[in-house]
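As structure tokens, the structure follows; a few thoughts come after it.
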Amino acid sequence: MAKKQFKTESKRLLDLMINSIYTNKEIFLRELISNASDALDKRHYLSLTDSKYASSSALSIYLDINKDERTISIEDNGIGMSKEDLENNLGTIAHSGSENFKTQLDESDEVDIIGQFGVGFYSAFMVAQKIVVETKQVDHDAYKWVSEGQDGYSISNSSKESVGTKITLYLREDSKDVKYSDYLDSFQIETLVKKYSDYIRYPIQMMVEKTIAKEDNQEEYETIKELKTLNSMVPLWRRNKKDISQEDYNNFYKTKFYDWEEPLKVIHYSLEGNLSYRALLFIPGKVPYDYYSKDFQPGLQLYSKGVFILDHGKELLPDYFGFVKGLVDTDDISLNISREILQQDSQLQTLKKSISKKIKSTLVDMLVKERKEYEKFFKNFGNSIKYGIYQDFGVNKDELKDLLLFYSSHEDKYVSLKEYCDRMKPDQKDIFYCAGSSIEQIKKQPQIEKLLDEGYEVLYFTEEIDEFSVMMMRDYEGHSFKSAQQADSIVETEEEKKEKEELEKANESLLANMATALSGKVEEVKISTRLKNNPVCLVAKEGISMEMEKYLAQLPTEQQAKANKVLEINPNHEIFKVLQKIYKKDSKKVADYADLLYQQALLIEGFSLEDPVAFSNKICELIKEAN
Ligand code: ADP
């Protein structure tokens, strides 16, 4: 029988398992039991619509220890595997859990991360020198998969008669560091099942020895064997909250949702009413590696009376809370439902609404009471909330607006819109923001200099979605959003305004000349009241902002949408005085300077120059003239 080789990535993981010095080797049992439980779920699910999958014996997991052979086996009467499944599932690195592990491995070669999350089937090689998998599916032949690790695996026919999978581990010899024979001790195994797999919905059974008084002579004792169910089978989410430790939740989350990091927040609650349900939800501690790819499957698991019905139920979560993982268990939804019907089910709509409400209230609560945690959450998933506001023409904006945080000039930290409005200056009506590529870059923007100087708070928008989402919101509690880079967002006193108008009149022809020189580039050249130390700045008129222009330019569409720009000049800056002088001497010369100032403003704004060579030549010309 020819040996087949493991696929490269699997090999790497395998090597790691085999050579693992990881002390927490015991998690292999949890992994194999959770696979068995999944297989039972799958069979149960198929049996709902097709009786050939029904099992004559109760769905269960059976553990068996053989001290002479040094084996421990884990057997289930679940879905089983076909020959292809064996090849695909055990020959190559499996999906979810192991795949996650692989990506993590690429980032760090720390052995420590093993066991912090589901590493799946391969973890068995931490304790076994040889693994035999015998398996059979309904209407299929039975097969046997054997592997001693690195040198590959082989698949052959098996005489297994019952449907399901039996995995036999041939334990390694004890070494001075590790006593593998501990796993041959039924008490040890029982303890491990209690520790990691207590909530598994199916009975996990094992023959255990028990000493009892003899029937005929109560003075004497005998040891008998009896089948014992080791787990309580009450799913974690059906247990009383006060009996569940944070560690229980964390362990459950990590194995069930294939994460190696602890969840940031656990939301466990039950609701009684027209539609009663329990939910156990988790906000991940970090962004899933595939979160922004199309492979990411949002949604919650759905259980009815503790029985698994559906994975990734997208119907149960709005898109903007797509990062939430977890499950919902309700007695009020009928079991025999197909996915199609599920989608229309009005009960599901009610569930979705109720779950969203709970998630939102939890987040609001976090924002108030656990600020640091909330900021961590928002850095990870804030963009989902912002997209939620923008999506569907803003129907959810009122629902989500209070979850927003923006980085603010006020004490250099994240603030909510409510906090911003609560401390607005008495004369302030608008919420000011400035958009740019980074906080550092925004801080240097000429347009916010005076605003900050006069004590106005400015929100720094560093994400592309930021402006789009506030544009969709229009205002927050009656306060409009105004970009500091917007032509009409000036805060000026009546005097300043009057002074500006006078200056514009007095310099009418200079400004007009500059505007002509910059025609096609800016719409107007104006005197500014928003500048302090900078000579010029660009602002945009209503419509597309400059940040949006940059964003749109990256899109692979032909359409080029540009902001209608205005070049503003600081009348108190020396440069302006110089311009006036030059204009008096030689009015034509002003065109060159106007262009230079415009291009400088573009650079400050983070645009690239259309013709950097011409720009630098022009500077050289001027330097030469200075001579
Ligand atoms: P994961 O559970 O993360 O997908 P594993 O390496 O643990 O990865 O398992 C790989 C795959 O092998 C599973 O997804 C499942 O399809 C299959 N499998 C493992 N154990 C069993 C079992 N007891 N019964 C049926 N299929 C199984």
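As the structure lists them, so they are numbered: ligands from 1, and atoms in each ligand from 1. Computed from a predicted structure; not experimentally measured.
- Ranked by closest heavy atom to atom 21 (C) of ligand 1, the top entry among Glu75, Arg43, Met81, Gln137 is Met81.
- In summary, the atoms of ligand 1 found under 4.0 Å from a heavy atom of Phe121, numbered by their order in the structure, are 5 (P), 6 (O), 7 (O).
- Judged by distance alone, the side chain of Thr362 and the main-chain N or O of Lys358 form a donor-acceptor pair under 3.5 Å.
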Where do Tyr170 and Tyr180 land on the ring pair (Phe, Tyr, Trp, His ring centres under 6.0 Å) test, with the steps shown first? CA-CA 10 Å; Tyr170 289 79; Tyr180 295 98; over 10 Å; no

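- Contact annotation for Tyr122 and ligand 1: no heavy atom of the residue comes within less than 4.0 Å of the ligand.
- Side chains of Asn66 and Thr71: no donor on one and acceptor on the other come within 3.5 Å.
- Taking only non-hydrogen atoms, the option from Asn35, Asp85, Thr165, Ile33 nearest to atom 9 (O) of ligand 1 is Asn35.
- Although no hydrogens or angles enter the test, the distance criterion places a donor-acceptor pair under 3.5 Å between the side chain of Arg172 and the main chain of Phe125.
- No side-chain donor-acceptor contact under 3.5 Å links Tyr196 to the backbone of Ile33.
- Between the choices Leu32, Thr135, Asn89, Asp76, the shortest heavy-atom distance to atom 12 (O) of ligand 1 belongs to Asn89.
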